[in-house]
Number of protein chains: 2
Amino acid sequence: MLSKKSKYAIKALISLAKRYENKVPVKISEISEEEKIPRKFLEAILVELRNNGLLHSKMGANGGYLLAKHPEEIVLSHIIRISGGPIAMLPCVSLNFYEPCEECVNESTCGLRDVILEVREATIRILSKTSLSDILQREEGLKKKFNLI
Amino acid sequence: MLSKKSKYAIKALISLAKRYENKVPVKISEISEEEKIPRKFLEAILVELRNNGLLHSKMGANGGYLLAKHPEEIVLSHIIRISGGPIAMLPCVSLNFYEPCEECVNESTCGLRDVILEVREATIRILSKTSLSDILQREEGLKKKFNLI
DNA sequence: AACTAATCCTACTAATTCAATAGAATAAAT
DNA sequence: ATTTATTCTATTGAATTAGTAGGATTAGTT
Ligand code: FES
Ligand code: FES
């Protein structure tokens, strides 16, 4: 399961991606209300995203946040990793949060690990090719689908 | 991430699958030692697996556990669900642990949900076709691979 | 029948992670 | 100076996960 933190991070970035063309900083409180994310929690999340190069921030009056890259360049796998969520289902197959499995004698011949490795690859294949732009496009597609029928 | 409980459940079942042909009940303590799973925790896990039809148990002296089905018929997705782990990355796409996302106004037009739905499908495709037998076969394959090189 | 070896059952506790909050410090605009 | 923001540090509360304790029950053995 994705943590709320990760989900909020993604939601917040999608929200910013929608206004990417404006080039105007967006306030935390604005995102918070729009996406129904607890204000203070979102604050911490955005700082982390900024520290990891996904956002630019502007302090003071009329300050706020802006995407640091084009929405096409920000992909889900990256957001999830930054916001602390391992993607893999076991620590022994995680690229970024690797830890050996104490119980397994030999990692390289572990059958379970072998399967979970496949799952991870399938997951990452999708998450690392899906950008904020892709998500916005999907939303457009879904809206049409449900309006037109 | 898979919970330890789920991982232990899978490990325990693999261990039992290895001796499936013997048709002799296997003691908790035996599995516990072999797979390095805390005794009492494993106890609780095995009872749950039994209550869900994956194991048969025999009480008293010479008692223990046996697979209730052929190792080919027990698949990972089933084990994970029984041992309490949702497979999906978001509650809104989970078949067995579904819950709506409070923040998302309209589930059917949610772009994030749409992507995560794809991830879930890819994951389940693998987990629901992989049986205990498959895992044992993989282990054989991996052993050969690493012995022969 | 008594003894022993096992699962079964109920309840509890400890540990960790997750989610959220509080409040003061800093920065920029007017 | 005042206002409107982000930033930083620290803490708290809630929930979940992981693991434990101890006695009841069942079945085989002598
Ligand atoms: S090495 Fe991780 S499950 Fe075996
Ligand atoms: S409905 Fe679940 S993420 Fe939007």
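Within every chain, numbering begins at 1; the chains are lettered A, B, ... in the order of the sequence lines, protein sequences first and strands thereafter.
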In whole angstrom, what separates [X]'s [atom1] from [N]'s [atom2]?
| X | N | atom1 | atom2 | value |
| --- | --- | --- | --- | --- |
| E103(B) | dA20(C) | CD | C1' | 14 Å |
| E99(B) | dT16(D) | CD | C1' | 14 Å |
| M1(B) | dA18(D) | CE | C1' | 16 Å |
| L49(B) | dT7(C) | CG | P | 14 Å |
| M59(A) | dA29(C) | CE | P | 12 Å |
| E48(B) | dC8(C) | CD | C1' | 14 Å |
| E43(A) | dA10(D) | CD | C1' | 14 Å |
| Y65(A) | dA27(C) | OH | C1' | 13 Å |

Hey, is the side chain of [X] poking within less than 4.0 Å of OP1 or OP2 on [N], counting only N and O atoms?
| X | N | result |
| --- | --- | --- |
| R39(B) | dT7(C) | yes |
| S29(B) | dA6(C) | no |
| S3(B) | dT16(D) | no |
| R50(B) | dC8(C) | yes |
| Y8(B) | dG19(D) | yes |

**OP:** Taking atom NE2 of H56(B) as the centre, report whether more than 12 heavy atoms of other residues, nucleotides or ligands fall under 6.0 Å from it.
**Re:**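 Check fails, neighbour count at 12 or below.
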**OP:** Take P38(A) and N51(B), find for each the nucleotide of DNA chain C with the closest heavy atom, and name the residue whose nucleotide sits nearer the 5' end.
**Re:**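 Whichever sits nearer the 5' end wins; that is N51(B).
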**OP:** Please figure out whether K58(A) or K27(B) has its closest DNA chain C nucleotide nearer the 5' end.
**Re:** K27(B)
**OP:** Start with the C-alpha distance between S15(B) and R19(B), add both sets of side-chain angles, then the distance that settles side-chain hydrogen bond (donor to acceptor under 3.5 Å, both in side chains), and finish with yes or no.
**Re:** CA-CA 7 Å; S15(B) 172; R19(B) 313 173 223 203; 3.1 Å; yes
Original post:
Between the main-chain N or O of I79(A) and the side-chain N or O of S83(A), is there a donor-acceptor pair closer than 3.5 Å?
Top reply: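 Yes, because the side chain of S83(A) sits within donor-acceptor range (under 3.5 Å) of the backbone of I79(A).
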**OP:** With heavy atoms under 4.0 Å as the rule, sort G84(B) into base, sugar-phosphate or nothing.
**Re:**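 It contacts nothing in the nucleic acid.
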**OP:** Check every strand shown and say whether L46(A) touches a base, only sugar-phosphate, or nothing at a heavy-atom separation below 4.0 Å.
**Re:**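 Answer is nothing: L46(A) stays at 4.0 Å or more from every strand.
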Original post:
Which sits closer to the 5' end of DNA chain D, K40(A) or N62(A), going by the nucleotide each is nearest to?
Top reply: N62(A)
Subject >> Side chain of V47(A) - closest among dA18(D), dC8(D), dG28(D) >> reply: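 Side chain of V47(A) sits closest to dC8(D).
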Original post:
How far does CD1 of I82(A) sit from CG of L54(A), to the nearest 0.5 angstrom?
Top reply: 4.0 Å
Subject >> Y20(A) six-ring centre to K23(A) NZ/CZ under 6.0 Å and within 45° of normal >> reply: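 K23(A) over Y20(A) ring: yes.
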